Amino acid sequence: MALHDYQVGEAAEDHADGGLSRREALRRLALLGLGVTSAGGLLAACAVESPPTRAAPAPGAEPPGRAPTVGPGQEIRFPGPAGELIGSWAAPAGRPGGAVLVVHENEGLTRHFHDLVGRLAGAGYAALCVDLLSARGGTSAIADDAQAPPALADTPVEVLLADLRAGIDELGRRAPGAGLGVVGFQFGGGMTWQLLEAGEPRLRAAVPFYGPVPERPDFAGVTAAVLAVYAGDNAGVNEGQDRAEAALEAAGATHWTRTFEGAQDAFFNDTGPRYDDAAASQAYTEMLDWFDRYLE
(Lines give C-alpha, C1' and ligand atoms only; values in the text may rest on other atoms or scores of the structure.)
Protein backbone atom coordinates (compact mmCIF):
# COMPACT_ATOMS: atom_id res chain seq x y z
CA MET A 1 0.00 0.00 0.00
CA ALA A 2 1.42 3.38 -1.03
CA LEU A 3 1.71 5.94 1.75
CA HIS A 4 -0.60 8.33 -0.15
CA ASP A 5 -3.27 5.63 -0.54
CA TYR A 6 -2.90 4.83 3.14
CA GLN A 7 -3.64 8.43 4.09
CA VAL A 8 -6.71 8.45 1.85
CA GLY A 9 -7.93 5.33 3.62
CA GLU A 10 -7.29 6.93 7.01
CA ALA A 11 -9.59 9.86 6.20
CA ALA A 12 -12.35 7.52 4.99
CA GLU A 13 -11.97 5.30 8.06
CA ASP A 14 -12.13 8.30 10.39
CA HIS A 15 -15.46 9.25 8.78
CA ALA A 16 -16.79 5.69 9.03
CA ASP A 17 -15.90 5.65 12.74
CA GLY A 18 -17.73 8.92 13.34
CA GLY A 19 -14.59 10.95 13.93
CA LEU A 20 -15.15 13.20 10.89
CA SER A 21 -18.34 14.63 9.43
CA ARG A 22 -19.02 13.85 5.78
CA ARG A 23 -18.22 17.44 4.86
CA GLU A 24 -14.90 17.40 6.70
CA ALA A 25 -13.99 13.98 5.25
CA LEU A 26 -14.73 15.25 1.73
CA ARG A 27 -12.59 18.33 2.40
CA ARG A 28 -9.67 16.23 3.61
CA LEU A 29 -9.96 13.85 0.68
CA ALA A 30 -9.98 16.82 -1.69
CA LEU A 31 -6.75 18.02 -0.08
CA LEU A 32 -5.35 14.57 -0.83
CA GLY A 33 -6.27 14.98 -4.50
CA LEU A 34 -9.59 13.12 -4.79
CA GLY A 35 -12.46 14.56 -6.81
CA VAL A 36 -15.96 14.82 -5.35
CA THR A 37 -17.25 11.74 -7.16
CA SER A 38 -14.33 9.53 -6.18
CA ALA A 39 -14.37 10.78 -2.60
CA GLY A 40 -18.11 10.28 -2.27
CA GLY A 41 -17.85 6.74 -3.62
CA LEU A 42 -15.06 5.93 -1.19
CA LEU A 43 -17.03 7.22 1.80
CA ALA A 44 -20.08 5.23 0.71
CA ALA A 45 -17.99 2.08 0.39
CA CYS A 46 -16.60 2.60 3.89
CA ALA A 47 -20.01 3.33 5.43
CA VAL A 48 -20.29 -0.04 7.15
CA GLU A 49 -20.74 -0.72 10.81
CA SER A 50 -17.38 -0.17 12.50
CA PRO A 51 -16.22 -1.83 15.70
CA PRO A 52 -17.09 0.30 18.72
CA THR A 53 -14.48 2.84 19.63
CA ARG A 54 -12.92 2.58 23.04
CA ALA A 55 -13.09 5.45 25.43
CA ALA A 56 -10.06 7.52 26.21
CA PRO A 57 -8.56 7.03 29.68
CA ALA A 58 -10.62 8.27 32.58
CA PRO A 59 -9.55 11.62 34.08
CA GLY A 60 -6.40 11.06 36.08
CA ALA A 61 -5.48 7.85 34.26
CA GLU A 62 -2.05 7.65 32.71
CA PRO A 63 -0.94 5.93 29.51
CA PRO A 64 1.76 3.28 29.88
CA GLY A 65 5.19 4.54 30.86
CA ARG A 66 4.31 8.05 31.98
CA ALA A 67 5.66 8.76 35.44
CA PRO A 68 4.97 12.02 37.31
CA THR A 69 8.65 12.96 37.21
CA VAL A 70 8.99 12.50 33.44
CA GLY A 71 8.02 15.47 31.31
CA PRO A 72 7.49 15.70 27.56
CA GLY A 73 10.31 16.11 25.09
CA GLN A 74 11.76 19.54 24.46
CA GLU A 75 11.88 21.20 21.05
CA ILE A 76 15.31 21.22 19.46
CA ARG A 77 16.64 22.31 16.07
CA PHE A 78 19.42 20.59 14.21
CA PRO A 79 20.88 20.43 10.70
CA GLY A 80 19.10 18.46 8.02
CA PRO A 81 19.89 17.69 4.39
CA ALA A 82 17.94 20.68 3.08
CA GLY A 83 17.90 23.08 6.03
CA GLU A 84 17.10 23.15 9.71
CA LEU A 85 15.00 20.35 11.19
CA ILE A 86 12.74 20.55 14.23
CA GLY A 87 12.52 17.71 16.71
CA SER A 88 11.35 16.70 20.16
CA TRP A 89 14.20 15.42 22.32
CA ALA A 90 14.47 13.86 25.76
CA ALA A 91 17.41 12.29 27.56
CA PRO A 92 17.34 9.73 30.36
CA ALA A 93 18.61 10.60 33.82
CA GLY A 94 21.66 8.36 33.49
CA ARG A 95 23.58 6.60 30.77
CA PRO A 96 21.12 5.66 28.02
CA GLY A 97 20.31 2.01 27.46
CA GLY A 98 19.90 2.87 23.79
CA ALA A 99 18.74 5.66 21.50
CA VAL A 100 15.33 5.58 19.80
CA LEU A 101 14.12 7.49 16.76
CA VAL A 102 10.34 8.03 16.97
CA VAL A 103 8.39 8.53 13.73
CA HIS A 104 5.08 10.35 14.14
CA GLU A 105 1.65 9.76 12.62
CA ASN A 106 0.31 11.70 9.64
CA GLU A 107 -0.77 14.65 11.78
CA GLY A 108 2.85 15.49 12.52
CA LEU A 109 4.73 16.13 15.74
CA THR A 110 1.71 16.44 18.01
CA ARG A 111 1.48 16.56 21.80
CA HIS A 112 1.25 12.76 21.91
CA PHE A 113 4.70 12.40 20.38
CA HIS A 114 6.32 15.01 22.62
CA ASP A 115 4.87 12.94 25.47
CA LEU A 116 6.07 9.61 24.07
CA VAL A 117 9.63 10.90 23.71
CA GLY A 118 9.56 11.79 27.42
CA ARG A 119 8.15 8.40 28.35
CA LEU A 120 10.94 6.63 26.50
CA ALA A 121 13.49 8.80 28.32
CA GLY A 122 11.86 7.77 31.57
CA ALA A 123 12.42 4.15 30.55
CA GLY A 124 16.14 4.85 30.10
CA TYR A 125 16.42 5.68 26.40
CA ALA A 126 17.60 8.78 24.60
CA ALA A 127 14.69 9.61 22.28
CA LEU A 128 14.10 11.96 19.36
CA CYS A 129 11.07 12.53 17.16
CA VAL A 130 11.85 14.41 13.94
CA ASP A 131 9.13 16.78 12.73
CA LEU A 132 8.74 15.69 9.11
CA LEU A 133 6.86 18.94 8.46
CA SER A 134 9.95 21.02 9.34
CA ALA A 135 10.25 22.33 5.78
CA ARG A 136 6.84 23.96 6.24
CA GLY A 137 7.79 25.58 9.52
CA GLY A 138 6.92 22.56 11.65
CA THR A 139 3.65 20.98 12.74
CA SER A 140 2.84 23.86 15.10
CA ALA A 141 2.99 26.31 12.19
CA ILE A 142 0.17 24.55 10.32
CA ALA A 143 -3.03 26.21 11.51
CA ASP A 144 -5.34 23.70 9.79
CA ASP A 145 -4.42 20.21 10.96
CA ALA A 146 -6.16 18.78 7.89
CA GLN A 147 -3.24 20.17 5.87
CA ALA A 148 -0.67 17.93 7.58
CA PRO A 149 -1.51 14.60 5.88
CA PRO A 150 -1.47 16.01 2.31
CA ALA A 151 1.72 17.91 3.06
CA LEU A 152 3.37 14.65 4.05
CA ALA A 153 1.79 12.80 1.13
CA ASP A 154 3.21 15.39 -1.27
CA THR A 155 6.74 14.99 0.09
CA PRO A 156 8.83 12.39 -1.78
CA VAL A 157 9.70 9.36 0.31
CA GLU A 158 13.39 9.98 -0.42
CA VAL A 159 13.14 13.42 1.21
CA LEU A 160 11.40 12.00 4.28
CA LEU A 161 14.03 9.26 4.56
CA ALA A 162 16.82 11.83 4.36
CA ASP A 163 15.26 13.76 7.25
CA LEU A 164 14.96 10.57 9.31
CA ARG A 165 18.61 9.74 8.64
CA ALA A 166 19.49 13.24 9.86
CA GLY A 167 17.56 12.37 13.02
CA ILE A 168 19.69 9.26 13.43
CA ASP A 169 22.79 11.45 12.96
CA GLU A 170 21.53 13.74 15.71
CA LEU A 171 20.86 10.83 18.05
CA GLY A 172 24.42 9.66 17.42
CA ARG A 173 25.75 13.08 18.42
CA ARG A 174 23.62 13.32 21.56
CA ALA A 175 23.96 9.68 22.68
CA PRO A 176 27.31 8.53 21.29
CA GLY A 177 27.86 4.80 21.37
CA ALA A 178 24.23 3.95 22.18
CA GLY A 179 22.52 1.21 20.18
CA LEU A 180 20.03 2.73 17.74
CA GLY A 181 16.40 1.76 17.30
CA VAL A 182 13.31 3.16 15.61
CA VAL A 183 9.58 3.04 16.37
CA GLY A 184 6.87 4.49 14.13
CA PHE A 185 3.08 4.66 14.18
CA GLN A 186 0.57 4.54 11.29
CA PHE A 187 2.20 6.76 8.63
CA GLY A 188 5.30 6.59 10.83
CA GLY A 189 5.04 2.81 10.83
CA GLY A 190 5.05 2.94 7.04
CA MET A 191 8.12 5.18 7.12
CA THR A 192 9.78 2.68 9.47
CA TRP A 193 9.24 -0.04 6.85
CA GLN A 194 10.65 2.33 4.22
CA LEU A 195 13.72 2.99 6.37
CA LEU A 196 14.25 -0.75 6.72
CA GLU A 197 13.87 -1.32 2.99
CA ALA A 198 16.40 1.44 2.35
CA GLY A 199 18.92 -0.65 4.31
CA GLU A 200 19.75 1.88 7.03
CA PRO A 201 22.77 0.07 8.52
CA ARG A 202 22.88 1.78 11.92
CA LEU A 203 19.63 0.32 13.22
CA ARG A 204 19.72 -2.57 15.66
CA ALA A 205 15.97 -2.72 16.37
CA ALA A 206 12.77 -1.52 14.68
CA VAL A 207 9.14 -1.52 15.83
CA PRO A 208 6.62 -0.48 13.14
CA PHE A 209 3.12 -0.10 14.60
CA TYR A 210 0.34 -0.85 12.07
CA GLY A 211 2.14 0.84 9.20
CA PRO A 212 1.63 0.09 5.48
CA VAL A 213 4.24 -2.25 4.02
CA PRO A 214 5.77 -1.54 0.57
CA GLU A 215 4.03 -3.40 -2.26
CA ARG A 216 7.11 -5.51 -3.08
CA PRO A 217 9.30 -5.26 0.01
CA ASP A 218 12.97 -6.11 -0.22
CA PHE A 219 14.63 -6.26 3.18
CA ALA A 220 17.93 -7.72 2.03
CA GLY A 221 19.84 -4.90 3.73
CA VAL A 222 18.03 -5.07 7.07
CA THR A 223 20.34 -5.07 10.08
CA ALA A 224 17.63 -4.49 12.69
CA ALA A 225 15.60 -6.99 14.68
CA VAL A 226 12.00 -6.20 13.70
CA LEU A 227 8.97 -6.35 15.99
CA ALA A 228 5.93 -5.73 13.74
CA VAL A 229 2.85 -4.65 15.70
CA TYR A 230 -0.64 -4.92 14.20
CA ALA A 231 -4.18 -4.12 15.33
CA GLY A 232 -6.55 -7.00 14.73
CA ASP A 233 -9.32 -4.76 13.35
CA ASN A 234 -7.25 -3.04 10.65
CA ALA A 235 -7.78 -5.04 7.46
CA GLY A 236 -6.30 -2.47 5.07
CA VAL A 237 -2.89 -2.59 6.75
CA ASN A 238 -3.00 -6.22 7.82
CA GLU A 239 -3.17 -7.42 4.23
CA GLY A 240 0.53 -6.51 3.99
CA GLN A 241 1.50 -8.70 6.95
CA ASP A 242 2.26 -11.80 4.88
CA ARG A 243 4.41 -9.76 2.46
CA ALA A 244 6.41 -8.31 5.33
CA GLU A 245 6.98 -11.67 6.98
CA ALA A 246 8.00 -13.34 3.71
CA ALA A 247 10.47 -10.56 2.89
CA LEU A 248 11.97 -10.63 6.38
CA GLU A 249 12.31 -14.41 6.19
CA ALA A 250 13.98 -14.14 2.78
CA ALA A 251 16.43 -11.61 4.21
CA GLY A 252 17.24 -13.81 7.20
CA ALA A 253 16.23 -10.96 9.53
CA THR A 254 15.34 -11.50 13.17
CA HIS A 255 11.63 -10.69 13.47
CA TRP A 256 8.42 -11.27 15.39
CA THR A 257 4.88 -10.33 14.43
CA ARG A 258 2.47 -9.32 17.19
CA THR A 259 -1.24 -8.83 16.52
CA PHE A 260 -3.57 -7.38 19.18
CA GLU A 261 -6.93 -8.96 18.40
CA GLY A 262 -9.92 -6.67 18.87
CA ALA A 263 -7.77 -3.54 18.84
CA GLN A 264 -8.14 -0.92 16.13
CA ASP A 265 -5.75 1.21 14.12
CA ALA A 266 -4.05 3.82 16.33
CA PHE A 267 -4.82 1.87 19.49
CA PHE A 268 -1.58 3.12 21.08
CA ASN A 269 -2.41 6.84 20.82
CA ASP A 270 -4.03 7.82 24.12
CA THR A 271 -5.18 11.17 22.68
CA GLY A 272 -7.37 9.51 20.00
CA PRO A 273 -10.78 7.80 19.98
CA ARG A 274 -9.43 4.30 19.25
CA TYR A 275 -7.09 4.14 22.24
CA ASP A 276 -7.12 0.71 23.88
CA ASP A 277 -5.50 0.85 27.31
CA ALA A 278 -4.95 -2.91 27.67
CA ALA A 279 -3.44 -3.33 24.20
CA ALA A 280 -1.36 -0.15 24.52
CA SER A 281 0.05 -1.19 27.89
CA GLN A 282 1.00 -4.65 26.65
CA ALA A 283 2.48 -3.28 23.40
CA TYR A 284 4.52 -0.73 25.35
CA THR A 285 5.96 -3.46 27.59
CA GLU A 286 6.80 -5.67 24.61
CA MET A 287 8.38 -2.75 22.73
CA LEU A 288 10.65 -1.94 25.69
CA ASP A 289 11.54 -5.62 26.08
CA TRP A 290 12.52 -5.66 22.39
CA PHE A 291 14.69 -2.58 22.76
CA ASP A 292 16.23 -3.95 25.97
CA ARG A 293 17.17 -7.12 24.12
CA TYR A 294 18.63 -5.60 20.95
CA LEU A 295 19.92 -2.15 21.86
CA GLU A 296 22.13 -3.05 24.81
Side-chain angles (χ1 to χ4, degrees), residues 1-47 80-88 102-114 129-164 166-167 184-195 198 208-215 234 236-237 240 264-266 269 271-274:
M1 179 187 294
L3 287 171
H4 177 272
D5 295 341
Y6 173 76
Q7 302 212 60
V8 167
E10 282 290 289
E13 185 177 322
D14 285 344
H15 169 66
D17 286 348
L20 294 176
S21 68
R22 177 178 172 81
R23 174 176 293 185
E24 178 61 14
L26 288 171
R27 183 175 81 90
R28 294 188 179 219
L29 290 170
L31 290 170
L32 286 163
L34 270 69
V36 173
T37 301
S38 297
L42 177 61
L43 294 185
C46 292
E84 187 175 65
L85 291 173
I86 300 167
S88 181
V102 179
V103 194
H104 57 64
E105 297 171 350
N106 66 2
E107 293 181 349
L109 180 51
T110 59
R111 176 173 59 87
H112 170 67
F113 289 97
H114 285 286
C129 185
V130 180
D131 191 338
L132 294 174
L133 293 164
S134 294
R136 301 182 184 238
T139 301
S140 62
I142 298 177
D144 179 3
D145 59 9
Q147 298 283 350
L152 290 168
D154 289 344
T155 305
V157 169
E158 294 76 16
V159 172
L160 297 171
L161 287 174
D163 286 351
L164 291 177
F185 301 83
Q186 289 186 302
F187 162 81
M191 288 307 305
T192 299
W193 286 117
Q194 293 284 343
L195 197 59
F209 272 73
Y210 34 74
V213 177
E215 286 298 327
N234 193 8
V237 168
Q264 299 175 55
D265 184 36
N269 189 334
T271 66
R274 301 187 194 118

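These figures come from a predicted structure and were not determined experimentally. Here, residue 1 is the first one in the sequence, and each next residue gets the next number.
- Considering NE2 of His114 and SG of Cys129, their distance stands at 8.0 Å, rounded to 0.5 Å.
- Tested against Leu132 for a side chain to side chain contact (heavy atoms under 4.5 Å, CB included), the candidates Asn106, Val103, Leu85 yield a single pass: Val103.
- Residues Thr192 and Phe187 fail the side-chain proximity criterion, which asks for heavy atoms closer than 4.5 Å.
- Here the closest heavy-atom approach between residue Pro150 and residue Ala146 is recorded as CD-O, 3.1 Å.
- Across all their heavy atoms, Thr155 and Ala151 have their closest contact at OG1-O, 2.8 Å.
- The shortest side-chain heavy-atom distance between Leu133 and Leu109 does not fall under the 4.5 Å cut-off.
- We find the CE-NE2 distance between Met191 and His104 to be 9.5 Å, quoted to the nearest 0.5 Å.
- With rounding to the nearest 0.5 angstrom, the CG atom of Asp265 is 4.5 Å from the CD atom of Gln186.
- Contact record, Asn269 with Glu105: ND2-OE1, 3.1 Å, taken as the closest heavy-atom pair.
- Here the CD1-OG1 distance, from Ile86 to Thr139, works out to 7.5 Å after rounding to the nearest 0.5 Å.
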Working note: Asn234 + Gln264, criterion side chain to side chain donor-acceptor pair (under 3.5 Å); need CA distance, chi angles, decisive distance, verdict. CA-CA 6 Å; Asn234 193 8; Gln264 299 175 55; over 6 Å; no
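- Of all heavy-atom pairs spanning Pro81 and Ala166, the tightest one is CD-CB, 4.0 Å.
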Residues Thr271, Thr110; criterion side-chain contact (heavy atoms from CB on, under 4.5 Å); working and verdict: CA-CA 10 Å; Thr271 66; Thr110 59; 5.8 Å; no
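- Taking every heavy atom of both residues into account, Ala141 and Arg136 meet most closely at CB-O, 4.0 Å.
- Taking the side chain as every heavy atom from C-beta outward, Pro214 and Trp193 approach each other to under 4.5 Å.
- The aromatic rings of Phe185 and His112 sit perpendicular, their planes meeting at an angle over 60°, well past the 30° parallel limit.
- Between Ser134 and Asp163 the shortest side-chain heavy-atom distance does not fall below 4.5 Å.
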